[in-house]
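Report on one structure; see the data block that follows.
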Amino acid sequence: MKKKLFLLLLLLFALFAVVYVIPGILDGTVPLTTGSRLPETEIPGPEMETMEEKTFPYETVWTESEPETEESMPPETEDTPGEPVEREKIVTDIIFASDIHYMSPDLTDYGTAFDELIDNGDGKVVAYMPQIWQAFAEEVIAAHPDALVLSGDLTINGERVNHEELAKKLEEIETAGIPVLVIPGNHDINNPYATAYFGESQSFIENVDPVGFWEIYRNYGYDEAAGYAPDSMSYLYILNDTTWLMMLDTCIYEPDNEVDGEIPNGTMEWMEEWLKSAYAEGITVIPVGHHNLQELSSVYVEECVLRNHREVMEIFERYLTPVYFSGHLHVQRIMKHISEPGITDEIYGIWEIVSNSLIIPPCQYGNLTLNADGSLSYHTGNVDVSSWAAKHGETNPDLLDFPAFSDTYIRSVVGRQAYKLIEDIPDELKEVMTDFYVDLYQDYYAGRHINYSEKRKEFGYQLWTRFMNPSIQYRQVEGMLRDGMAGNHHVEIPNPIFLERE
């Protein structure tokens with residue numbers, strides 16, 4: 001009886017295989033193994049498509065990997081992808097700079113129209129941008145990092161001439177054997193205010209669209225990318241076996257250019273796939289975007305943080321991403337994300353480092369080192385324009401004593417704006433209030449520590465409280481004082497895998 005039952009079961013199993021399983025294998029609907037493989041496509045390149053055929057978005061590109069079985073994959077839950085992989089890192093050095101706002105000398109005669117641009121600005125030293133850049137480039141080449149990363153707002157207002165001229169300057173750094181990686185900022189693509197400044201008039205000139213941006217900067221990250229997002233100009237760059245750079249296009253420029261930013265849904269899905277792959281291999285991913293991931297400023301509260309920053313942060317933190325780099329604020333800031341007050345240092349949270357504008361004194365940039373144990377060390381550096389000028393035989397006193405010039409310059413530009421906003425009090429008191437504001441402004445933008453209690457004792461602050469409270473300008477003063485209580489020039493970030501998760 002048992003033998004007959006066994007034969008009957010065997011016959012039923014064979015019949016099932018003939019009807020369902022074998023046809024499925026033949027037509028590809030049933031997998032041969034329980035493992036999975038990422039889709040295999042080729043990276044689009046100039047040899048494969050003409051620029052007329054090549055359009056954004058690109059399809060995602062994945063590097064080939066061995067199939068994984070269910071037994072080899074880490075267990076996943078709704079909140080975590082499993083236990084992280086401890087792996088020794090290749091020591092890696094990266095220099096970060098942002099908001100260069102490059103402007104070619106060919107676009108102005110430095111007349112009245114140019115002066116209006118400067119007078120209404122935030123202290124950008126546009127007139128000496130070429131010299132600041134050259135001094136910076138020589139410092140980068142001397143340091144010889146593993147990469148130079150520029151996080152957007154490469155030009156003053158997206159002028160094609162400025163993009164093309166800056167791209168040529170980047171060749172010097174690439175030729176020295178240092179990869180240069182760029183992403184756009186809100187000023188760079190489809191900017192309707194691309195402008196030349198001659199005499200008393202401003203004239204609109206040619207800007208660039210997304211394909212134009214890619215054509216100009218294709219040698220600076222895009223052509224060497226391991227993968228592209230499907231609905232933005234984001235890309236993944238493999239710097240070495242243990243360090244990946246996730247260059248994120250956070251800008252909105254279609255159908256119209258906007259100041260604030262977001263990461264599209266397709267890009268977020270693409271991000272997560274790369275982060276998941278890196279997490280399983282013990283690879284450190286460093287994402288870089290133009291717009292901010294956190295609300296880092298009490299002064300600039302609009303159009304800075306990503307519209308969907310909470311969703312983006314959730315993805316980053318799911319895979320223990322250590323740090324996110326951004327720009328846009330023009331303020332040097334460092335902040336760790338904490339879900340609520342009182343969270344200890346032993347609890348993981350992603351850090352954000354904002355590079356202030358390279359063109360606003362003190363013309364800062366950032367130095368990051370990924371250490372062998374997976375921790376990260378960051379500190380700022382200032383472009384030494386004066387030493388560069390002396391070395392190259394410059395005779396311009398502004399360049400030879402750049403710190404003194406830049407202090408006078410900021411006090412003039414920002415001071416005039418502050419002075420105009422203070423009304424109906426004696427001039428001598430307005431001057432004290434203006435000096436207080438400019439001093440605070442310089443410290444705030446540079447990310448220097450501000451002693452809140454001591455500053456509140458100064459006569460200038462007391463005048464602001466007496467004559468300008470309440471006002472928007474007074475709230476700005478209070479915001480700079482409070483934000484500046486933390487230092488923003490150096491941070492040691494531990495390897496997140498050794499921290500606790502909430």
Indicate yes or no for a side-chain donor-acceptor contact from [X] to the backbone of [Y] under 3.5 Å, with no hydrogens or angles considered.
X	Y	value
E174	V180	yes
D373	S375	yes
R333	L296	yes
S387	D384	no
Y279	G82	yes
E224	G221	yes

Measure up the [X] and [Y] rings against each other and bin them: parallel (under 30°), tilted (30 to 60°), perpendicular (over 60°).
X	Y	value
W244	W274	perpendicular
Y445	Y441	parallel
H101	H330	perpendicular
F213	H163	perpendicular

Next item on the list: Kindly state each residue pair satisfying ring pair (Phe, Tyr, Trp, His ring centres under 6.0 Å) with at least one member in residues 466-497, sequence neighbours excluded.
Entry: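 Those involving residues 466-497 do not exist here.
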List the atom pairs, donor and acceptor, that lie under 3.5 Å between side-chain atoms in residues 152-159 and the rest of the protein, sequence neighbours left out.
unit_1: D153; atom_1: OD1; unit_2: N186; atom_2: N; d: 3.1
unit_1: D153; atom_1: OD1; unit_2: H187; atom_2: N; d: 2.9
unit_1: D153; atom_1: OD2; unit_2: H290; atom_2: NE2; d: 3.3
unit_1: T155; atom_1: OG1; unit_2: G158; atom_2: N; d: 2.8
unit_1: T155; atom_1: OG1; unit_2: D188; atom_2: OD1; d: 2.9
unit_1: N157; atom_1: OD1; unit_2: H187; atom_2: ND1; d: 3.0
unit_1: N157; atom_1: OD1; unit_2: N191; atom_2: ND2; d: 3.3
unit_1: E159; atom_1: OE1; unit_2: N157; atom_2: N; d: 3.0
unit_1: E159; atom_1: OE1; unit_2: N162; atom_2: ND2; d: 2.8
unit_1: E159; atom_1: OE2; unit_2: T195; atom_2: N; d: 3.0

No-hydrogen, no-angle side-chain donor-acceptor test under 3.5 Å, [X] and [Y]:
X	Y	result
T369	S377	no
D146	T92	no
T243	K89	no
T380	N367	no

Ring centres under 6.0 angstrom apart ([X], [Y]):
X	Y	result
Y437	W464	yes
Y128	F405	yes
W133	F136	yes
Y235	Y222	yes

message = Can you list everything that forms a salt bridge (Lys or Arg N to Asp or Glu O under 4.0 Å) with K391? Sequence neighbours excluded, please.
response =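 Here the qualifying residues are E138.
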Query raised in the report: Taking 4.0 angstrom as the limit, do R501 and E346 come out as a salt bridge?
Result: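 No, this pair does not count.
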So does R318 pair up with E314, basic N to acidic O under 4.0 Å?
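Answer for the salt bridge query: yes.
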Begin from the C-alpha positions of T250 and H291 and carry the test side chain to side chain donor-acceptor pair (under 3.5 Å) through to its verdict.
CA-CA 6 Å; T250 63; H291 293 84; 2.7 Å; yes
